[in-house]
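A short worksheet on the structure shown next.
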Amino acid sequence: MASQGSATQGTVMADLEGRAADLLDRLTDCGLATGVEQEDLYGSDVRPQFCTMCAALADAVGAVISTAPASNQKQFADAMQGVKDAAASAESSGHGKLDKALKRLLLSLDAAASNDRTAVLEYLVAHVQAGRMLMTQQDADPQGDTHMAPASPLHQNGGGASPMKGVDGVEASASALIHDLATLLQCDPSPAQALPVLRAISGAIDQLLPRLPPSFLEPILPPDSLNDHQERSQAQTTAKHQELQEPALELQA
């Protein structure tokens with residue numbers, strides 16, 4: 001039994017390290033790494049580099065909040081300032097204070113609550129990436145309608161026949177992400193059920209993916225630097241791209 005427990009613990013730790021490695025890559029892509037290491041992203045220490053990153057992450061979330069407004073602007077503003085205050089010194093960040101401030105920031109965005117530092121950071125970084133993507137689209141097409149569509153029943157928490165009434169934070173966050181992704185891909189986000197929206201999103205991705213050149217799917221980092229999870233994701237994406245390109249190549253022939 002002891003060996004089985006050790007094996008399970010080892011698997012959990014390996015998964016956590018893989019998530020931290022992926023998160024560190026995403027922070028680097030966002031220009032927010034500031035010298036942090038993987039251990040900073042899943043441990044409990046609050047090194048100065050981690051504090052600096054958290055303050056920068058709070059600012060980055062604030063910079064994109066106009067593209068995906070929080071339901072409570074004052075709560076969000078207070079939570080964002082709370083992260084920056086907690087990250088200001090070793091005393092203010094210690095004893096879990098900075099982690100609690102990050103969690104409050106996450107809650108102010110109507111996302112899922114979590115005591116897992118890695119999960120909290122994953123949600124916040126995803127929000128930054130999604131917001132920057134929308135802002136980039138707007139810059140590329142300033143005449144286009146790239147603003148967030150009004151909340152549909154899928155995106156609301158309560159009211160009418162919405163299935164969101166009474167759901168927990170995880171489901172509300174997932175619903176919001178589905179709505180935002182559908183809007184970004186110019187799919188109809190209005191159906192009250194998630195399944196038809198997801199089908200529309202899948203179809204839009206299938207249409208867009210073959211248009212990408214093969215070089216677009218090549219990893220930015222050297223192949224030997226990818227962890228097992230990243231290698232599997234890369235292989236799946238490449239296989240999907242090739243599968244979708246085959247009908248077009250047959251028609252050209």
Q) What distance separates Leu57 CG from Met80 CE, expressed to the nearest 0.5 Å? A) 11.0 Å
Q) With a 4.0 Å cut-off, would you call Asp40 and Arg117 a salt bridge? A) no
Q. Quick one: does Cys30's side chain get under 4.5 Å of Gln129's, heavy atoms only?
A. yes
Q) Is any side-chain heavy atom of Val120 closer than 4.5 Å to a side-chain heavy atom of Leu105? A) no
Q. Is it true that Arg132 and Asp29 have a side-chain N and a carboxylate O under 4.0 angstrom from each other?
A. no
Q. Is there side-chain contact between Asp85 and Ser92, with at least one heavy-atom pair below 4.5 Å?
A. no
Q: Measure from the side-chain N and O atoms of Asp45 to the backbone N and O of Arg47, and report whether any donor-acceptor pair falls under 3.5 Å.
A: no
Q: Indicate yes or no for a side-chain donor-acceptor contact from Ser93 to the backbone of Leu98 under 3.5 Å, with no hydrogens or angles considered.
A: no
Q.
I'd like to check Lys100 versus Lys97 (side-chain heavy atoms, cut-off strictly below 4.5 Å). Are they in contact?
A. no
**Q.** Beyond-backbone contact of Leu41 with Arg19, side-chain heavy atoms, under 4.5 angstrom
**A.** no
Q.
Show the nearest heavy-atom pair for residues Ala20 and Tyr42, with the distance to one decimal.
A. CB-CD2, 3.5 Å
Q: Kindly say whether Asp78 contributes a backbone atom to a donor-acceptor pair with the side chain of Arg104 at under 3.5 angstrom?
A: no
